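Order of listing sets the numbers, starting from 1, for every ligand and every atom in it. Since we're looking at a predicted model, the values are computed, not measured.
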Amino acid sequence: MRKLIIKGQNLLEGEVNISGAKNSAVALIPAALLSDEKVVLTNVPNISDVDALEEILLYLDAKIDRTNDNKITIYSSEISNKPIHADLAKKLRASYYFMGAMLGKYKHVEMSFPGGCSIGKRPIDLHLKGFKALGAKITGDEENIIIDADKLVGTDIYLDFASVGATINIMLAAVRAKGKTVIKNAAKEPEIPNIAELLNKMGADIKGAGTNVITINGVEHLGSCEHRVLPDRIEAGTYAIIGAACASNLRINNIVPEHIDSLLEKLKEMNVNIKVGKDYLVIKESKKIKATEIITLVYPGFPTDLQQVLASLMTKAKGESTIEETIWENRFLNLYELGKMGAKIDVNGKKASIIGPTKLIGTEVNATDLRAGAGLIVAALIAEGTTTINNADYILRGYENIVEKLCNIGADVILQ
Ligand code: UD1
């Protein structure tokens, strides 16, 4: 794995353009397989998770045209429904969307369990509960899963937890089922209406995406369309936090501010000098940052994916900041790394506290997952001296051109 080497304490200035959302793109690409015709996706981020999905599509004999203007054209009329082995499936967690898409199209899928960042147990029982409710039989062993159905028939499915992945996967399986499926206690994250919109453009009949009840009337055929990936709210939030920590004057373009309302409110509470425009933010030097408290929740609550990033800013805040993580059970590993840099941290189960302000000093740290890595970038930009972040490939899974974007605003970052 590669390393990021960052010299800290530069004042950042200029503009950053936010890319298309990773968590939307990784579902839209498998969703395109449900079509019998050409699907064009635009604003697709150039990240390694998308490379991994492209590899799976090519293995399945889809025809792909990926151009460097962030466009992917997918032709899946003649794909082969082959087992997706571990070497492909384990490259990313979101490979599980091939389950819903292939089940929806062919009523049969065989694949290895997905991989991805290690931030907790990450079960997929709710996805499987949904597939079973639609009429699928599930067999397999600890490594591989076979999902098979004579036919899929719409039904009511209640999710015990508003899981993003389960909501999308059930939508994918249900679009070509017979009759009406109703997903209750569905997740409401902005990526979900973005996927439903693609499917509706292809000819599906989905209502209520973005609310906690989604109704899907099955259709027989899905056709051609063009669709744009929505802006990445987690990338936007990450750069907003970077701005709060280190900017003299930073403009963040191509965002949907209401998608990060919960973060923007916290940044205001922390005394960050931030102006919110229609589709942009401007952050100016913020000197007296105050401590705050966050609890991660499903959307529109505070996103778990920004918790580790905000933790680094908390080291600059005066007083005791607290974080309560309610979504994942293993999401504080970044704090031990922050501790190596000089942060005053106490972790107790799902709660952590950070006492600031403390001076961070550059050292060698490990990115344990994608967002932990993003948090360490914030810490390295704040720190005195040079920080080496090992396992930087985790970060490149989800942040397009991060080295270039940071260098363009005056940071000193090298990928090695
Ligand atoms: C998605 C995001 C991830 C984000 C998470 C929560 C993608 C590719 N990833 O992950 O970045 O951190 O939402 O916002 O979009 N759970 C079960 N059973 C299941 C499914 C989930 O118990 O079948 C639990 C998980 O263990 C976790 C919680 O539900 O505790 C949230 O999971 P979920 O919303 O499904 O997250 P992902 O879709 O995997």
Side-chain angles (χ1 to χ4, degrees), residues 20-31 44-45 47-50 52-53 89 91-101 113-133 138 145 147 157-173 183 185-195 212 229-230 232-238 259-260 262-263 294-310 324-332 334 350 368-375 394-395 397-399:
K22 163 190 167 286
N23 286 351
S24 196
V26 296
L28 291 168
I29 293 169
V44 179
I47 51 176
S48 59
D49 268 9
V50 169
L53 289 172
K91 283 196 174 159
L92 77 168
R93 167 111 177 127
S95 60
Y96 57 39
Y97 290 131
F98 284 98
M99 292 181 186
F113 279 102
C117 286
S118 178
I119 52 174
K121 283 194 247 109
R122 311 199 81 169
I124 54 164
D125 55 308
L126 297 171
H127 305 226
L128 303 183
K129 176 181 165 183
F131 299 151
K132 275 190 203 154
I138 295 168
I145 185 161
I147 311 171
I157 299 168
Y158 176 83
L159 295 179
D160 302 320
F161 179 86
S163 152
V164 175
T167 301
I168 294 174
N169 235 342
I170 294 168
M171 246 171 30
L172 297 178
I183 309 176
N185 196 29
K188 296 186 286 194
E189 272 68 2
E191 291 75 26
I192 291 159
N194 196 225
I195 318 302
N212 56 10
V229 181
L230 88 167
D232 195 316
R233 63 196 167 95
I234 306 300
E235 189 198 19
T238 300
H259 290 173
I260 48 168
S262 57
L263 171 72
I294 58 165
I295 301 179
T296 64
L297 290 169
V298 294
Y299 186 82
F302 193 93
T304 169
D305 287 354
L306 287 174
Q307 170 269 99
Q308 292 162 303
V309 191
L310 192 67
E324 185 176 345
E325 171 60 62
T326 72
I327 311 287
W328 300 111
E329 60 281 319
N330 193 18
R331 234 181 178 181
F332 284 143
N334 58 310
K350 291 195 156 201
T368 47
D369 64 71
L370 164 61
R371 307 302 173 187
Y394 279 131
I395 303 167
R397 295 172 65 153
Y399 288 92

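- Taking distance alone, with nitrogen or oxygen atoms compared against 3.5 Å, Val26 stays at or beyond that limit from ligand 1.
- Of the listed residues (Arg331, Arg233, Lys22), just one forms a side chain to side chain donor-acceptor pair (under 3.5 Å) with Asp305, and that residue is Arg331.
- Heavy atoms of Val164 found under 4.0 angstrom from ligand 1 belong to the backbone as well as the side chain.
- At a heavy-atom cutoff of 4.0 Å, ligand 1 is contacted by no atom of Ile234, backbone or side chain.
- Taking both residues in full, the closest heavy atoms of Ala52 and Leu92 are given as CB-CD2, 4.0 Å, listed atom of the first, atom of the second, then distance.
- For Lys129, the salt bridge (Lys or Arg N to Asp or Glu O under 4.0 Å) partners are Asp160, not counting sequence neighbours.
- In terms of heavy-atom proximity, Val309 sits nearest to Ala374 at CG2-CB, 4.0 Å.
- Polar contact with ligand 1: absent for Ala94 (N/O pair, distance under 3.5 Å).
- Every residue meeting the ring pair (Phe, Tyr, Trp, His ring centres under 6.0 Å) condition with His127, not counting sequence neighbours, appears here in chain and number order: Tyr96.
- Of the listed residues (Ala166, Pro303, Pro123), the one carrying the non-hydrogen atom nearest atom 20 (C) of ligand 1 is Pro123.
- For the ligand labelled ligand 1, residue Arg331 lies inside the 4.0 Å heavy-atom shell.
- Of all the heavy atoms of His127, the ones lying under 4.0 Å from any atom of ligand 1 are found in both the backbone and the side chain.
- The two residues Leu159 and Ala166 have their closest heavy-atom pair at CD2-CB, 4.2 Å.
- Comparing heavy-atom distances from atom 11 (O) of ligand 1 across Leu92, Asp305, Thr326 singles out Asp305 as nearest.
- By the 3.5 Å distance cut-off applied to N or O atoms, Ala162 is not counted among the residues near ligand 1.
- You'll find the side chain of Leu297 stays beyond 4.5 Å of the side chain of Phe302, heavy atoms only.
- Some N or O of Tyr96 is nearer than 3.5 Å to an N or O of ligand 1, by distance alone.
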